[in-house]
Amino acid sequence: MSALALESKAMLKDRVYGVTQTIFHAPYFQRHIVGIPKIISESDGVIVSEANYLVIRTKLDSFSEVFNAGRYIDTIVRENGRLKFRQRICVFDSELVPNSIIYPI
């Protein structure tokens, strides 16, 4: 099951348009902290790694709060001498999902 799936550049562009042009929400700051990646495997130029993350949200008139926490499972490939994400799966620590995921985690 996916809370938000962005499987192509067009889907990502659509989300950016929605966030910047159509959605109204109370302003807040979101701090995204990502831990040091751990390489799980590497084979034929494909790297699978895992990294913990924490998202903290701060509304202008309230204290900061933990919005979401979990881990990323990344598939990374080398293209034209550069490392690029082929896939990033975000696994939440909690089964409870915030009802206001506006920006991709």
Side-chain angles (χ1 to χ4, degrees):
M1 185 172 112
S2 175
L4 182 65
L6 302 171
E7 297 176 352
S8 68
K9 286 183 181 180
M11 293 173 82
L12 185 57
K13 286 179 180 179
D14 180 70
R15 188 69 207 154
V16 169
Y17 175 80
V19 167
T20 60
Q21 303 298 321
T22 64
I23 296 175
F24 176 78
H25 58 85
Y28 63 85
F29 299 98
Q30 195 163 279
R31 177 73 57 193
H32 200 136
I33 303 163
V34 180
I36 297 171
K38 175 183 176 184
I39 295 176
I40 305 300
S41 67
E42 188 276 325
S43 177
D44 298 324
V46 177
I47 300 167
V48 176
S49 69
E50 190 173 294
N52 295 319
Y53 74 86
L54 177 67
V55 179
I56 299 172
R57 183 165 67 175
T58 306
K59 294 181 181 179
L60 299 177
D61 60 349
S62 62
F63 293 107
S64 296
E65 63 182 357
V66 173
F67 181 68
N68 192 276
R71 64 190 167 103
Y72 290 126
I73 302 170
D74 297 324
T75 303
I76 303 164
V77 295
R78 187 177 303 274
E79 289 182 10
N80 300 320
R82 299 174 69 187
L83 295 175
K84 295 188 174 189
F85 287 102
R86 175 182 285 168
Q87 180 181 53
R88 170 165 267 185
I89 297 174
C90 180
V91 181
F92 301 163
D93 281 347
S94 174
E95 291 182 6
L96 298 175
V97 178
N99 64 357
S100 60
I101 294 182
I102 297 169
Y103 304 103
I105 296 176

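Below, all heavy atoms of this structure are taken into account, side chains as well, without hydrogens, waters or symmetry copies. Computed from a predicted structure; not experimentally measured.
- Placement of Y28 and I56 in two distinct hydrophobic clusters is found when ILVMFWY residues are connected by side-chain heavy-atom separations under 4.5 Å, directly or transitively.
- Across every non-hydrogen atom of A69 and L54, the tightest pair is CB-CD1, 3.9 Å.
- In terms of hydrophobic clustering, with Ile, Leu, Val, Met, Phe, Trp and Tyr side chains grouped at heavy-atom distances under 4.5 Å, I76 and I39 are assigned to a common cluster.
- The aromatic rings of H32 and Y72 lie parallel to each other, with less than 30° between the two planes, well short of the 60° mark.
- One finds the CG atom of D44 at 8.0 Å from the CD atom of E42 (value rounded to the nearest 0.5 Å).
- Linking Ile, Leu, Val, Met, Phe, Trp and Tyr whenever their side-chain heavy atoms come within less than 4.5 Å puts I33 and V66 in one cluster.
- Residues Y53 and R71 approach most closely at CE2-N, 3.2 Å, considering heavy atoms.
- Distance check: D74 CG to Q87 CD gives 9.0 Å after rounding to the nearest 0.5 Å.
- Note that CD1 of I36 is 10.5 Å distant from CG of N52, once rounded to the nearest 0.5 Å.
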Name each donor-acceptor pair under 3.5 Å that joins a side chain in residues 58-65 to protein atoms two or more places apart or in another chain, with its distance.
unit_1	atom_1	unit_2	atom_2	d
T58	OG1	S64	OG	2.5

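- The heavy-atom pair separating V34 from A51 by the smallest distance is CG1-CB, 4.0 Å.
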